[in-house]
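Read through the structure below, which is laid out as C-alpha cells, and then see the notes.
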Amino acid sequence: MEKSPVSSVFLVASVFFFLSLFHGGLAKTTTTQDGSEDWGYVEVRPKAHMFWWYYRSPYRVEDRNKPWPIILWLQGGPGASGVGIGNFQEVGPLDTDLEPRNSTWLSKADLLFVDNPVGTGFSFVEDTKLFVETDEEAATDLTTLLMEIFNRNESLQKSPLYIVAESYGGKYAATLGLSVLKAVESGKLKLKLGGLVFIELHWETVGSHQKILWQFSWAPLLKDLSRLDTNGVQKANSLTQKIKQQIENGEFGDATDSWSDLEDVISTSSSSVDFYNFLLDSGMDPVSSTAAELSEGVAMKRYSRYLDSLRRSSPGSGRGAGSGGDIDSLMNGPIKKKLKIIPENVTWGEQSGLVFDSLAGDFMKPRISEVDELLAKGVNVTVYNGQLDLICATKGTEAWVDKLKWEGLKNFSRTDRSPIYCEGGDRVTKGFTKSYRNLHFYWILGAGHFVPVDQPCVALTMVGAITQSPSSSST
C-alpha cells in the first residue's frame with residue numbers, strides 16, 4: 001500500500017501551565033506528585049474559558065525514528081465533555097470507578113483532553129452570548145488553546161499531534177485541522193501535525209447535485225435488518241427528503257429540527273432501536289432512549305448515559321472509589337475536588353445543552369470540502385466506523401468518502417482491504433483496513449458507535465498503527 005509522508009512543520013514551542021485571567025485572578029495549574037499530568041484553563045476569548053487536561057504516558061518509548069505521539073481527543077455531542085466522557089469512560093488512564101483501565105490509549109501516546117467548545121464540561125462562558133455558533137468559531141478557540149499549550153515547550157514540540165475525534169467531533173476536527181495548518185504556516189502555532197482521525201465524521205452532505213446524508217442510510221439499513229418494514233421506510237424517507245430540501249435551501253436550523261423528528265419516527269417504527277448499536281433495543285439498558293427523549297436537547301445526555309450503561313453491564317465492573325458509575329457525580333465530586341481550580345459556581349456539564357442549542361444552525365452543514373483540502377495538503381486523514389453503529393452508519397460514511405474530489409480517490413477505491421487482528425491476540429478477524437497515500441479507512445467488526453469501548457483491543461492496535469507509536473509491534 002502506497003503512503004505519502006504527512007505535511008508537517010517542526011518548530012520550537014513550550015507549555016504554558018497557567019490559568020488564564022478570570023475574575024481578576026491568575027491561578028497556576030496543579031500537577032500530580034509524579035508529574036505525569038497537568039490541567040488548566042485558557043481564556044480563549046474575554047470571559048470564555050476552555051478547560052484542558054494533559055497526561056504524559058508512563059509507557060513512553062524513546063525512538064529517534066519514531067517520535068512519541070500526542071493524541072488530542074475531541075468529543076462529540078455537540079456539548080459532550082472530552083475531559084469527562086473520553087477520559088473516564090473511553091480511553092483515559094482511569095475508569096469512572098477511578099480504577100486503572102488496561103486498555104488506555106496512554107500505552108500508545110500522550111493524551112490531551114479538551115472540553116470543547118466553551119461551555120462544555122468544565123469549560124464555561126461568563127456571558128451566554130459567547131457560545132460558538134459555528135465549527136469554524138470552535139476551531140479558532142481550539143487553535144488559541146493549542147498556542148497556549150504548545151508555544152513555550154520544546155519537549156511537546158518534538159511529538160507529532162494527532163487530532164482524534166468521535167461523532168460530531170469529526171466536524172470539529174476537519175475545521176481544526178485547517179485552522180492548525182494555517183496557524184503553523186503563519187508561525188503563530190508551533191507544533192507538528194501528525195494527522196486527523198475521524199472516529200465518525202458526523203452529518204456530511206456531499207455532491208454538487210445529489211446530497212447524501214447519514215440519515216438517508218438509516219431506513220434501508222434497518223429494513224435489511226428487519227427493524228423497519230415498508231411503511232416505516234416510507235415515513236423515514238419522507239423526512240429525509242424534507243431534510244435534503246431544507247439543506248439545499250440553506251435552512252440548516254430547520255434541518256436540525258427535522259433530524260430530531262426523523263429519529264423519533266425511526267425509534268417509533270423500529271420499536272426503539274438503539275442508535276448507537278442497531279443490534280440492541282433502546283429499552284434493554286438504562287441509557288437507551290424512548291422516542292420522547294430523542295430531541296437534540298437531550299442527545300448529549302443520551303450519549304453519555306449509553307457509555308455509562310456499557311461500563312455497568314460489562315463483566316467484572318465493580319464499584320470502587322469512584323462515583324458508582326454516575327459520571328455527573330464523579331466529575332462534580334472527586335474530580336472537581338482533585339483539580340482544585342474549577343470555580344465554585346461552575347458545575348460540570350451545566351452549560352452543555354446550551355452549547356448544542358447554539359450550534360443548531362451549523363449542525364447539518366457539510367465539512368467534506370475541508371477533508372478534500374486536508375488530503376490535498378498531504379495531511380494523513382483516517383476514517384473509521386463501528387460495524388453496528390446506526391447514528392453514523394458505515395453505509396453513510398462510505399457514501400461521502402466516495403464523493404471526495406481528492407485526486408487519489410480512484411486508486412483508494414481500487415485498493416484491496418487487509419484484515420485487522422489484535423496485538424498479541426489470536427488470529428480472529430476484528431476488522432478491515434485499506435490505505436492509499438494519505439487516506440486510510442478502518443472497518444471495525446462487532447463495534448457500535450463507541451469503538452474504544454466495544455472493541456478496546458482492536459482500537460489500541462488501530463491507534464498504534466495510525467500514530468506510528470514506538471510501542472506498537474508490527475501486526
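Quantities reported herein were computed from a predicted structural model and do not represent experimental measurements.
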Please check: side-chain N/O of [X] versus main-chain N/O of [Y], any donor-acceptor pairing under 3.5 Å?
X: T120; Y: S352; value: no
X: S358; Y: L354; value: no
X: E137; Y: E133; value: yes
X: K171; Y: G76; value: no
X: W39; Y: L339; value: yes
X: N385; Y: C392; value: yes
X: S413; Y: L409; value: yes
X: Q351; Y: V125; value: yes
X: R56; Y: E37; value: no
X: S57; Y: L106; value: yes

Ring geometry between [Y] and [X] (parallel below 30°, tilted from 30 to 60°, perpendicular above 60°):
X: F412; Y: F441; value: tilted
X: H449; Y: Y276; value: tilted
X: W73; Y: F113; value: tilted
X: W53; Y: F51; value: perpendicular

Validation row: [X], [Y] side chains within 4.5 angstrom (heavy atoms):
X: L445; Y: V458; value: no
X: L404; Y: V371; value: yes
X: N249; Y: Q246; value: no
X: L460; Y: S107; value: yes
X: L262; Y: W218; value: yes
X: V44; Y: S123; value: no
X: T397; Y: Y384; value: no
X: F252; Y: I247; value: yes

Worked verdict on D454 versus I444 for side chain to side chain contact (heavy atoms under 4.5 Å, CB included):
CA-CA 10 Å; D454 291 336; I444 310 300; over 6 Å; no

Considering all heavy atoms, the nearest [X]-[Y] contact:
X: I71; Y: V463; answer: CD1-CG2, 3.5 Å
X: Q75; Y: A80; answer: CB-O, 3.4 Å
X: W68; Y: D110; answer: NE1-OD1, 2.9 Å
X: Q455; Y: A447; answer: CG-CB, 3.8 Å
X: A393; Y: S217; answer: CB-OG, 3.7 Å
X: Y172; Y: P78; answer: OH-CB, 3.0 Å

Evaluation steps, side chain to side chain contact (heavy atoms under 4.5 Å, CB included), between V83 and M331
CA-CA 9 Å; V83 167; M331 299 305 293; 4.0 Å; yes

How long is the gap from [atom1] on [X] to [atom2] on [Y], to the nearest 0.5 Å?
X: T140; Y: L176; atom1: OG1; atom2: CG; value: 9.5 Å
X: L112; Y: L146; atom1: CG; atom2: CG; value: 7.0 Å
X: L142; Y: L74; atom1: CG; atom2: CG; value: 6.0 Å
X: L439; Y: L374; atom1: CG; atom2: CG; value: 11.5 Å
X: K242; Y: D257; atom1: NZ; atom2: CG; value: 9.0 Å
X: E263; Y: F275; atom1: CD; atom2: CZ; value: 4.5 Å

Please determine whether a side-chain nitrogen of the Lys or Arg among R227 and D281 lies less than 4.0 Å from a carboxylate oxygen of the Asp or Glu.
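A salt bridge is present here (some side-chain N lies under 4.0 Å from a carboxylate O).
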
Working for side-chain hydrogen bond (donor to acceptor under 3.5 Å, both in side chains), residues S469 and S471:
CA-CA 5 Å; S469 174; S471 72; 3.0 Å; yes

Tell me, with the steps shown, if D372 and K403 meet salt bridge (charged side-chain N to carboxylate O under 4.0 Å, His left out).
CA-CA 10 Å; D372 266 319; K403 295 295 182 178; over 6 Å; no

Evaluation steps, side-chain hydrogen bond (donor to acceptor under 3.5 Å, both in side chains), between N87 and Y55:
CA-CA 10 Å; N87 185 3; Y55 293 92; 3.0 Å; yes

Test side-chain hydrogen bond (donor to acceptor under 3.5 Å, both in side chains) on D362 and T134 and set out the steps.
CA-CA 5 Å; D362 209 58; T134 67; 5.1 Å; no

Knowing that exactly one of F131, W348, Y41 qualifies, which makes a ring-ring contact (aromatic ring centres under 6.0 Å, His included) with F124?
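By the ring-ring contact (aromatic ring centres under 6.0 Å, His included) criterion, F124 pairs with just one of F131, W348, Y41: Y41.
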
Taking everything shown except K336 itself, do over 12 heavy atoms lie less than 6.0 Å from its NZ?
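For K336, atom NZ is crowded (more than 12 foreign heavy atoms under 6.0 Å).
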
Quick one, I391 with D389, criterion side chain to side chain contact (heavy atoms under 4.5 Å, CB included). Give me CA distance, side-chain angles, the key distance, then yes/no.
CA-CA 6 Å; I391 198 164; D389 192 9; 3.5 Å; yes

Residue pair R367, E136: steps toward the salt bridge (charged side-chain N to carboxylate O under 4.0 Å, His left out) verdict:
CA-CA 10 Å; R367 294 297 168 209; E136 292 94 339; 3.1 Å; yes

I'd like to know whether M50 forms a side chain to side chain contact (heavy atoms under 4.5 Å, CB included) with N116, so could you lay out the CA-CA distance, the side-chain angles of the two residues, the decisive distance to 0.1 Å, and finally the verdict.
CA-CA 7 Å; M50 188 173 290; N116 166 77; 3.8 Å; yes

Report the C-alpha distance between H440 and S435 in whole Å, list the side-chain angles of each, state the deciding distance to 0.1 Å, and finish with yes or no for side-chain hydrogen bond (donor to acceptor under 3.5 Å, both in side chains).
CA-CA 4 Å; H440 319 280; S435 300; 2.7 Å; yes

Run the numbers on D264 and K235 for salt bridge (charged side-chain N to carboxylate O under 4.0 Å, His left out), then give the verdict.
CA-CA 11 Å; D264 194 347; K235 292 176 183 178; over 6 Å; no

